[in-house]
> 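Sending over a structure as structure tokens; questions will come in a sec.
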Protein chains: 2
Amino acid sequence: MAQTRAPRADAVRNRKKILDAAREQITLHGPDTGMDEIAAAAGVAVGTLYRHFPTKTDLVAAVVAEYITHVAEAAEGSRERLASGSRAVDEISDFLARVTEATATNHAVKAAARALGAEPVDRDAEARAAAALAALIQAGQADGDIHQDVTVDDIYLLFSTAPTDQPPAARARWLSLVLTGLTTHTRTAHEKPAS
Amino acid sequence: MAQTRAPRADAVRNRKKILDAAREQITLHGPDTGMDEIAAAAGVAVGTLYRHFPTKTDLVAAVVAEYITHVAEAAEGSRERLASGSRAVDEISDFLARVTEATATNHAVKAAARALGAEPVDRDAEARAAAALAALIQAGQADGDIHQDVTVDDIYLLFSTAPTDQPPAARARWLSLVLTGLTTHTRTAHEKPAS
DNA sequence: ATCCATCATGAACCCTGGTTCACGTTAATG
DNA sequence: CATTAACGTGAACCAGGGTTCATGATGGAT
């Protein structure tokens, strides 16, 4: 019944080369990078791209999927580190920093995805990320470091808007500003009744 | 010597129709809206677009320029309202809210601008906006409501990353989170020595 | 060593979308 | 009212880039 042979070795190799090249080239030369360029960067002919990915949209989608998986792993890593006694706020901070970093790499990719009508990918990875994040937030709230009203959606909202085309200094500053908004010991002063 | 005739009435009318249509269509159908669509929406032939704007890039640039002018006016409006005794924090909040709103409309426009290599436009309007903002921040700091380390660049950084493709509720939440980061009575708890 | 299914190649195809231009219209000037 | 420069029109043009396909190469099973 299993009529499917094992995939050829070079095919696997090429698939990986293509994905890497795609990520890199799109990151480098913007969302409008041509298939030709990607193929060239991968050391492969255009036709090979199409053997692995029926359409450019599919290729970009695959790259995005990789990215989401990466985010999920980062979140789960942070969560596990909680066991080793690190503070939740620090982990959240680290997580945001790491993801912002990664997102900076993938900004153009996401733009490309949007431009092509990115589609439902890897609900599983998304779920894992959300679960890990929820755990982190709860821990932080238990510590009294994170505002009670902060949710996973908040984190998503923030890092989906993370500045990705800014220099590192700006990104760091952004992170600092945003973290201040998540942590405790403040309610916006102007909402407070005039003491 | 003034050999230049007065511009024709319909020409002026059309120019406005084109700019409006461009903003609207790009907002509606994404950054990849074609010149044809814009022309149709403006009730004008393609050639007319090119009479007014030599290239698509120029057209988009013009739309962006309008937008920046709008931002500048919003900032100056807020600043003037300070005289009437309103708190600076509130004005900053209002400003961010209004700009976020406007930016939501212009998200696609900015994307289009980027994709075409948006270019230096209206340094003047930018300068006016920056000046007004600086005044607002200073006032807020004098009130003790805004962190001392907050700068105009911070505001720019934040609202340049404002979520623009999110529903209003999400945008409001974002604003709230961000404002918490700007206002006083907090330093990120996890940076504080363990009390 | 042989064979074949899988895979790679890249020139050619085609369609989308920005841009042009030769020709009709129309608003301003006198 | 006549004249003309400014303006509007839209079919046609052209380049860029995604996609295809006939042909050749190669890894793996026998």
Side-chain angles (χ1 to χ4, degrees), chain A residues 2-22 25-26 28-63 108-109 111-118, chain B residues 1-22 25-26 28-63 108-109 111-119:
Chain A
Q3 300 290 18
T4 46
R5 272 210 220 175
R8 262 166 56 169
D10 55 346
V12 191
R13 223 178 306 134
N14 277 337
R15 186 188 170 85
K16 181 170 168 49
K17 283 202 295 183
I18 291 172
L19 275 173
D20 290 345
Q25 289 305 115
I26 293 183
L28 220 53
H29 302 115
D32 301 335
T33 310
M35 294 296 257
D36 300 358
E37 304 178 53
I38 296 178
V44 166
V46 227
T48 306
L49 295 203
Y50 285 91
R51 172 169 294 275
H52 290 275
F53 307 92
T55 182
K56 184 178 186 181
T57 303
D58 291 309
L59 173 54
V60 174
V63 175
V109 174
R114 200 161 311 186
L116 298 175
Chain B
M1 271 301 177
Q3 300 290 20
T4 46
R5 271 210 219 175
R8 265 167 54 170
D10 56 346
V12 191
R13 225 178 306 135
N14 277 335
R15 185 188 171 84
K16 181 169 171 47
K17 284 202 294 184
I18 291 172
L19 275 173
D20 289 346
Q25 289 305 114
I26 293 183
L28 221 52
H29 302 116
D32 300 335
T33 310
M35 292 298 259
D36 299 359
E37 303 178 54
I38 296 177
V44 165
V46 226
T48 307
L49 295 204
Y50 285 91
R51 175 168 294 275
H52 289 274
F53 307 93
T55 183
K56 184 178 187 181
T57 303
D58 292 310
L59 174 54
V60 174
V63 175
V109 175
R114 202 162 311 186
L116 297 175
E119 275 324 306

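Throughout, a chain's letter reflects where its sequence line sits, starting with A, and its residues are numbered from 1.
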> Taking side chain as C-beta onward, heavy atoms only, is A:Ile26 less than 4.5 Å from A:Val60?
yes

> Is B:Asn14 touching bases, backbone alone, or none of the nucleic acid, heavy atoms closer than 4.0 Å?
sugar-phosphate

> Once you round it to whole Å, what is the distance between P of D:dG16 and CG of A:Asp36?
12 Å

> So, is B:Thr55 close to the C:dT19 phosphate, meaning a side-chain N or O under 4.0 Å from OP1 or OP2?
yes

> Considering only side-chain heavy atoms of A:Arg8, which listed nucleotide, C:dT19, D:dA25, D:dT19, is closest?
D:dA25

> Do B:Arg51 and B:Asn14 have side chains that approach each other closer than 4.5 Å (heavy atoms only, starting at C-beta)?
no

> Measure NZ/A:Lys17 against P/C:dC7 and give the value in whole Å, please.
15 Å

> Closest approach to the side chain of A:Ala11, judged atom by atom: which nucleotide of C:dT9, D:dG18, C:dC7 is it?
C:dC7

> On DNA chain C, does the nearest nucleotide to A:Val44 precede the nearest nucleotide to B:Ala9 from the 5' side, or the other way round? Give the residue.
A:Val44

> List the steps and the verdict of side chain to side chain contact (heavy atoms under 4.5 Å, CB included) for B:Phe53 and B:Leu19.
CA-CA 10 Å; B:Phe53 307 93; B:Leu19 275 173; 4.0 Å; yes

> Is the phosphate of D:dG8 approached by B:His52 (side-chain N or O, under 4.0 Å from OP1 or OP2)?
yes

> In whole angstroms, how far is the P atom of C:dG18 from the CD1 atom of B:Ile38?
8 Å

> Separation of A:Met35 atom CE from C:dG10 atom C1', in whole Å?
14 Å

> For A:Asp32, answer base if it contacts any base atom (sugar-phosphate contacts may also be present), sugar-phosphate if it contacts only those atoms, and nothing otherwise; contact means non-hydrogen atoms under 4.0 Å.
nothing

> Side chain of A:Ala45, heavy atoms from C-beta onward: which of C:dT29, D:dG27, C:dT9 has the nearest atom to it?
C:dT9

> Just wondering, do B:Lys17 and B:Asp20 contact through their side chains at under 4.5 Å, heavy atoms?
no

> Base, sugar-phosphate, or nothing: which does B:Gly34 touch, judged by heavy atoms less than 4.0 Å apart?
sugar-phosphate

> Provide, to the nearest angstrom, the distance between the CG atom belonging to B:Leu49 and the P atom belonging to D:dG8.
10 Å

